[in-house]
Amino acid sequence: MTIVSPSLGSSTDWTDARLLFALEEVVERELNRHLQVAKDWMPHEYVPWSDGRNFPGLFEDGEAWEKDQSKVTEIGRIALVVNLLTEDNLPSYHHEIASLFGRDGAWGTWVHRWTAEEGRHGIVMRDYLLASRAVDPDKLEQFRMAHMSEGFESDNRHSMLHSVAYVAFQELATRISHRNTGHQSGDPVCDRMLSRIATDENLHMVFYRNLLKAAFELAPDLTMQAVRDVVVNFRMPGHGIPGFERAAAQMAIGEVYNLRIHHDDVIQPVLRFLKIMEIDGLGPEGQQAQEELGLYMGGLDAEAAKFDEKLATRKARMAARAAG
């Protein structure tokens with residue numbers, strides 16, 4: 001596939017402001033498409049309110065939280081907390097994208113619509129966790145305060161193009177994490193709730209992925225470099241959560257999110273859709289970024305294969321221990 005930058009200028013002429021202006025029509029088109037396919041839903045309809053009861057505090061009949069009060073599995077509990085705390089930082093995410101994309105025109109309309117839709121996710125997840133008693137409410141609030149008090153700064157806040165590239169992958173990663181958490185939760189109610197959230201995240205991914213495709217048509221060299229940088233340095237937005245490294249390791253072993261899932265279900269699908277490795281006609285810097293991206297993906301696949309082997313060995317050892 002050959003992409004040739006139009007007569008709007010060379011790669012060195014593209015500033016964030018020019019790209020924002022040039023992509024405005026694409027944003028408007030994608031926004032209209034999104035509004036046509038997105039379905040409104042009510043968070044309260046996904047919460048098992050009848051399972052809820054008072055916690056200790058103002059209520060004399062409050063019942064202290066105990067782990068066995070919920071049917072949610074241990075890995076489901078860990079992943080739910082990570083996923084919710086990630087969603088809790090929505091004010092910081094809104095600030096980041098509003099600062100980069102602006103609050104006017106189609107960009108601004110999208111920023112506010114995206115924020116409104118994402119707000120539902122935190123609402124329904126917290127209500128579910130408290131009503132079903134899936135997590136310790138005191139610890140959950142302590143984690144939320146600690147995480148949000150630290151604030152959030154995106155690794156890609158320096159560049160509008162890097163930010164678009166990042167969210168194209170991150171929204172898909174979030175969708176996969178929510179979906180797999182539901183599958184591993186042990187609770188059909190939780191699974192249905194997270195499936196609903198994952199549907200939203202997928203639509204958000206499609207919006208940003210299509211926007212990234214349009215950016216390739218305008219500034220292919222710069223966009224290729226942005227994708228290379230984002231993929232090589234990718235981190236989930238919840239990396240600042242207290243105890244994130246340990247939780248991430250447990251989620252990897254529990255097959256909620258790990259290197260194999262990251263390679264096969266997140267990075268590769270976006271790269272394939274954009275046909276990134278087939279793009280030619282690039283300048284020297286774009287071509288170098290493309291080559292480096294290809295090398296990185298090969299290395300990531302090799303690392304994922306090593307993880308697969310370790311996970312298989314661990315499963316076999318646990319199965320033998322259970323049989324013995």
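Computed from a predicted structure; not experimentally measured. Keep in mind that the numbers below use all heavy atoms, side chains included, and drop hydrogens, waters and symmetry copies.
In terms of heavy-atom proximity, A252 sits nearest to N258 at O-ND2, 3.1 Å. The minimum heavy-atom distance between V47 and A131, with the atom names listed, is CG1-CB, 3.8 Å. Taking each heavy atom of S70 and S132 in turn, the nearest pair found is CB-O, 3.5 Å. V82 and A247 get closest at one heavy-atom pair: CG2-CB, 3.7 Å. Pairing each heavy atom of I123 with each of P43, the nearest pair is CG2-CB, 4.0 Å. Nearest heavy atoms, G286 versus M224: O-CG, 3.4 Å.
No more than 12 heavy-atom neighbours from other residues, nucleotides or ligands sit within 6.0 angstrom of CD on E28. The neighbour count for E150 CD, taken as heavy atoms of other residues, nucleotides or ligands under 6.0 Å away, does not exceed 12. Annotation for E63: atom CD counts as buried by contact number, over 12 foreign heavy atoms lying within 6.0 Å. By the 6.0 Å contact criterion, CZ on F21 is open, its count of non-hydrogen atoms from other residues, nucleotides or ligands being 12 or less. No more than 12 heavy atoms of other residues, nucleotides or ligands sit less than 6.0 Å from atom CG of D104. Taking a 6.0 Å sphere around CD of E285, one finds it holds 12 or fewer heavy atoms contributed by other residues, nucleotides or ligands. Within 6.0 Å of CE in M145 there are 12 or fewer heavy atoms belonging to other residues, nucleotides or ligands. More than 12 heavy atoms of other residues, nucleotides or ligands sit less than 6.0 Å from atom NE2 of H183.
Seen from the ring of F273, R209 counts as a face-on cation partner, given the 6.0 Å and 45° thresholds. In this structure, R113 forms no cation-pi arrangement with W110, as its terminal cationic atom is not both closer than 6.0 Å to the ring centre and no more than 45° off the ring axis. F55 carries R133 over the face of its six-membered ring, with the cationic atom under 6.0 Å from the centre and within 45° of the normal.
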Side chain to side chain donor-acceptor pair (under 3.5 Å) between D301 and Y296: does it pass, once the steps are laid out? CA-CA 9 Å; D301 188 39; Y296 176 81; over 6 Å; no

Using the side chain to side chain donor-acceptor pair (under 3.5 Å) rule, take H34 and E117 through it: C-alpha gap first, then chi angles, then the decisive distance, then the call. CA-CA 12 Å; H34 177 85; E117 292 184 3; 2.9 Å; yes

Going through the checks in order, is the salt bridge (charged side-chain N to carboxylate O under 4.0 Å, His left out) test met by E153 and R157? CA-CA 7 Å; E153 287 189 342; R157 62 189 180 280; 3.2 Å; yes

Could you give me the CA-CA distance, side-chain angles and deciding distance for V167 and F207, then say whether side chain to side chain contact (heavy atoms under 4.5 Å, CB included) is met? CA-CA 10 Å; V167 288; F207 178 94; over 6 Å; no

Go through it in stages, so that I can follow the logic: the residues are D127 and W49, the test is side chain to side chain donor-acceptor pair (under 3.5 Å), and I'd like the CA-CA distance, side-chain angles, deciding distance and then a yes or no. CA-CA 9 Å; D127 286 347; W49 298 106; over 6 Å; no

Intermediate values then yes/no, salt bridge (charged side-chain N to carboxylate O under 4.0 Å, His left out), D187 and R77: CA-CA 11 Å; D187 181 7; R77 195 187 324 273; over 6 Å; no

Decide yes or no on side chain to side chain contact (heavy atoms under 4.5 Å, CB included) for Q69 and R53, but give the supporting numbers first. CA-CA 11 Å; Q69 292 169 347; R53 47 201 185 276; 3.8 Å; yes

For H262 and Q268: C-alpha separation, side-chain torsions, deciding distance, then whether side chain to side chain donor-acceptor pair (under 3.5 Å) applies. CA-CA 8 Å; H262 181 64; Q268 282 284 35; over 6 Å; no

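Atoms OH and CG, from Y46 and L194 in turn, are 11.5 Å apart once rounded to the nearest 0.5 Å. Annotation: the span from N202 atom CG to M205 atom CE amounts to 4.0 Å, rounded to 0.5 Å. Separation of atoms NE2 (H112) and OG1 (T115) is listed at 7.5 Å; rounding is to 0.5 Å. Interatomic distance, CH2 of W65 versus CG of L130, reported as 11.5 Å (0.5 Å rounding). Atom NZ of K310 and atom CD1 of I253 lie 10.5 Å apart (nearest 0.5 Å). One distance of note links CE of M125 with SG of C190; it measures 7.5 Å at 0.5 Å rounding.
Residues N89 and H147 have side chains that bring a donor and an acceptor to within less than 3.5 angstrom of each other. Counted by atom type alone, T313 and E309 present zero donor-acceptor pairs between their side chains at under 3.5 Å. For the residue pair D200/W41, the side-chain donor-acceptor check at 3.5 Å is satisfied. A donor-acceptor pair shorter than 3.5 Å cannot be found between the side chains of N83 and Y257.
No side-chain heavy atom of L203 sits under 4.5 Å from any side-chain heavy atom of R175. With contacts defined as side-chain heavy-atom distances shorter than 4.5 Å, the pair H239/E245 does not qualify. Between V26 and N210 there is no side-chain heavy-atom pair separated by less than 4.5 Å. By the 4.5 Å heavy-atom criterion applied to side chains, V256 and I75 are counted as neighbours. With a 4.5 Å cut-off on side-chain heavy atoms, I276 and F216 count as touching. Counting heavy atoms from C-beta outward, R196 and R192 have side chains that stay 4.5 Å or more apart. Between H162 and D229, the closest side-chain pair of non-hydrogen atoms falls below 4.5 Å. Considering only heavy atoms from C-beta on, H178 comes within 4.5 Å of E87 through its side chain.
Proximity of a side-chain donor or acceptor of S163 to a complementary backbone N or O of S159 within less than 3.5 Å is detected. Between the side chain of N54 and the backbone N or O of G62, no donor-acceptor pair lies under 3.5 Å. E24 contributes no side-chain N or O that, together with a main-chain N or O of G105, makes up a donor-acceptor pair within less than 3.5 Å. Checked by atom type and distance alone, the side chain of T181 pairs as donor or acceptor with a backbone atom of S177 at under 3.5 Å.
Not less than 6.0 angstrom separates the ring centroid of W114 from the ring centroid of H94. Centroid-to-centroid, the aromatic rings of F234 and Y166 come within less than 6.0 Å.
Of the candidates R179, K315, R260, E255 forms a salt bridge (charged side-chain N to carboxylate O under 4.0 Å, His left out) with just one, namely K315. The residue from R126, R144, H121 that alone fulfils the side-chain hydrogen bond (donor to acceptor under 3.5 Å, both in side chains) condition with D88 is R126. Put simply, the residue from I267, L271, V230 that forms a side-chain contact (heavy atoms from CB on, under 4.5 Å) with L293 is L271.
Both L90 and F152 are assigned to one and the same hydrophobic cluster, defined by single-linkage of ILVMFWY side chains at heavy-atom distances under 4.5 Å. L129 and M148 are not part of a single hydrophobic cluster, where members link through side-chain heavy atoms under 4.5 Å apart. L295 and I279 end up in different hydrophobic clusters when Ile, Leu, Val, Met, Phe, Trp and Tyr side chains are linked at under 4.5 Å.
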